[in-house]
Amino acid sequence: MSTFDLDVDAGVAHVRLNRPEQRNSLTSEFWAELPAAVGDLDATGTTRALVISSTGAHFTAGLDLGVLRDGGMFGQHDEPGRARAQVGAGIRTLQRTFTALEQARFPVIAAVQGGCVGGGLGLISACDLRFATTDAFFLLGETNLGITPDVGQLQRLPRVMPEGIVRELAYRGHRLGAARAFDVGFLNGLYDDHDALIAGTLEIAGEIAAKSPLAVWGAKHAIDYARDHSVADGLEQIALWQAAVYHRSDSVESLAARSDGRPPTYGDLPPL
């Protein structure tokens, strides 16, 4: 991968953005490479958790301006109507990059240090869990540049932090510090430094990977479904899920392992 490194160990995948000199700005290559990598991880059925971290002083500066400057992401056309249609199609392509994180069968954990700006908030708002260093900050800077955020920030952030905080971020274009982000429930936890952050999030991912992947997938799917539907719809969904997917073998293994004083062993998810 040209924009990030990818390692997999014992069911835990680790994506590390690797352009620190450019503050890990999100280039055209990134928007294509990340969903492809996540799709490949999901297709194997062996990945049970994913950590997305970064390198250097900042998690990401957001969308690389080259994506806008060269126009390659959005195509070119001389006729105005078709040109605007291409812009819409290009934006939807970017949006699908982060939607891939939601659609993966495994939980995704964001590990943020320094600045997480613009499109970076679109990325981490699509993750299941978010952790950060105490010096991290979050910035919806698009409105400072005369742009409305469009890759999921305004759609997902109100689901994971109070709407008023999101509105203030979007309207004022100012920084939200890590302590405040933790206080309002956006972050699951804080770490003193980057090394502790990476070690901590990988440990949490390993803990998740030790659970039944079928049960964890079911929980992620049910939570995401309930977020977008009524309580009644969510109750019906989980009833149908359990009737279709639940099998007692993982429960039997859980109880046997507890009785034997050993870690349980669960089969992987079926490959796609």
Side-chain angles (χ1 to χ4, degrees), residues 1-7 13-41 50-77 83-102 108-127 130 132-133 135-157 166 169-170 173-176 194 197-198:
M1 304 296 177
S2 64
T3 58
F4 55 82
D5 300 321
L6 172 60
D7 298 313
H14 187 188
V15 164
R16 289 183 302 276
L17 306 184
N18 65 1
R19 301 176 66 248
E21 297 82 4
Q22 292 78 32
R23 296 184 296 172
N24 296 298
S25 60
L26 308 178
T27 65
S28 298
E29 292 79 9
F30 166 84
W31 298 96
E33 291 175 351
L34 183 65
V38 171
D40 288 345
L41 291 170
L50 167 63
V51 173
I52 301 180
S53 71
S54 192
T55 53
H58 298 288
F59 182 76
T60 178
L63 181 70
D64 189 272
L65 294 181
V67 177
L68 299 176
R69 188 170 52 246
D70 62 26
M73 179 63 70
F74 304 113
Q76 302 288 339
H77 205 285
R84 305 323 297 168
Q86 284 183 315
V87 171
I91 291 170
R92 293 184 188 94
T93 297
L94 302 184
Q95 292 171 346
R96 285 193 290 269
T97 294
F98 300 148
T99 299
L101 302 176
E102 285 187 331
V108 183
I109 302 171
V112 180
Q113 88 286 3
C116 179
V117 177
L121 276 163
L123 190 165
I124 68 171
S125 64
C127 294
R130 287 162 293 277
T133 55
D135 65 349
F137 65 88
F138 308 89
L139 173 65
L140 278 181
E142 287 89 342
T143 49
N144 296 331
L145 302 173
I147 303 171
T148 300
D150 57 13
V151 291
Q153 303 98 314
L154 304 182
Q155 293 68 40
R156 293 189 174 100
L157 285 173
V166 180
L169 284 171
H174 74 304
R175 293 184 179 189
L176 176 69
H194 191 220
L197 171 70
I198 299 304

May I ask you to test the [X]-[Y] pair for a side-chain heavy-atom distance under 4.5 Å?
| X | Y | result |
| --- | --- | --- |
| Val112 | Phe138 | yes |
| Ile52 | Leu101 | yes |
| Val38 | Leu34 | yes |
| Ile198 | His14 | yes |
| Arg16 | Leu6 | no |
| Trp31 | Leu26 | yes |
| Leu176 | Leu139 | no |
| Leu154 | Thr148 | yes |

Smallest separation among heavy atoms of [X] and [Y], with atom names:
| X | Y | result |
| --- | --- | --- |
| Ala126 | Phe98 | CB-O, 3.5 Å |
| Val151 | Gly119 | CG2-CA, 4.1 Å |
| Leu41 | Ala13 | CD1-CB, 3.7 Å |

Looking at [X] and [Y], would you say the former's side chain and the latter's main chain have a donor-acceptor pair under 3.5 Å?
| X | Y | value |
| --- | --- | --- |
| Arg130 | Cys127 | yes |
| Gln95 | Asp150 | yes |
| Thr97 | Pro35 | no |

So, taking the atom named [atom1] in [X] and the one named [atom2] in [Y], what distance separates them when rounded to the nearest 0.5 Å?
| X | Y | atom1 | atom2 | result |
| --- | --- | --- | --- | --- |
| His174 | Phe137 | NE2 | CZ | 12.5 Å |
| Arg19 | Thr27 | CZ | OG1 | 5.0 Å |
| Gln155 | Ser125 | CD | OG | 9.0 Å |
| Thr55 | Asp5 | OG1 | CG | 8.0 Å |
| Asp135 | Thr133 | CG | OG1 | 4.0 Å |

### Query
Is the CZ atom of Arg175 crowded by more than 12 outside heavy atoms at less than 6.0 Å?
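No, because the 6.0 Å sphere around CZ of Arg175 holds 12 heavy atoms or fewer from other groups.
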### Query
In this structure, are over 12 heavy atoms from other groups packed under 6.0 Å from Arg156 atom CZ?
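Yes, CZ of Arg156 has more than 12 neighbouring heavy atoms, counting only those of other groups under 6.0 Å.
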Determine whether the side chains of [X] and [Y] contain a donor N or O and an acceptor N or O closer than 3.5 Å.
| X | Y | answer |
| --- | --- | --- |
| Ser25 | Asp64 | yes |
| Ser54 | Asn24 | yes |
| Thr99 | Arg96 | no |
| Glu142 | Gln153 | yes |

### Evaluation steps, side-chain contact (heavy atoms from CB on, under 4.5 Å), between Phe30 and Leu123
CA-CA 12 Å; Phe30 166 84; Leu123 190 165; 3.8 Å; yes
### Task
Name all residues meeting the side chain to side chain contact (heavy atoms under 4.5 Å, CB included) criterion together with Glu33; count only those two or more places apart in sequence or in a different chain, and write none if there are none.
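Here the qualifying residues are Met1, Ser2, Thr3, Phe4, Glu29.
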### Task
Kindly determine whether Val15 and Leu50 satisfy side-chain contact (heavy atoms from CB on, under 4.5 Å), including the steps that lead there.
CA-CA 7 Å; Val15 164; Leu50 167 63; 3.8 Å; yes
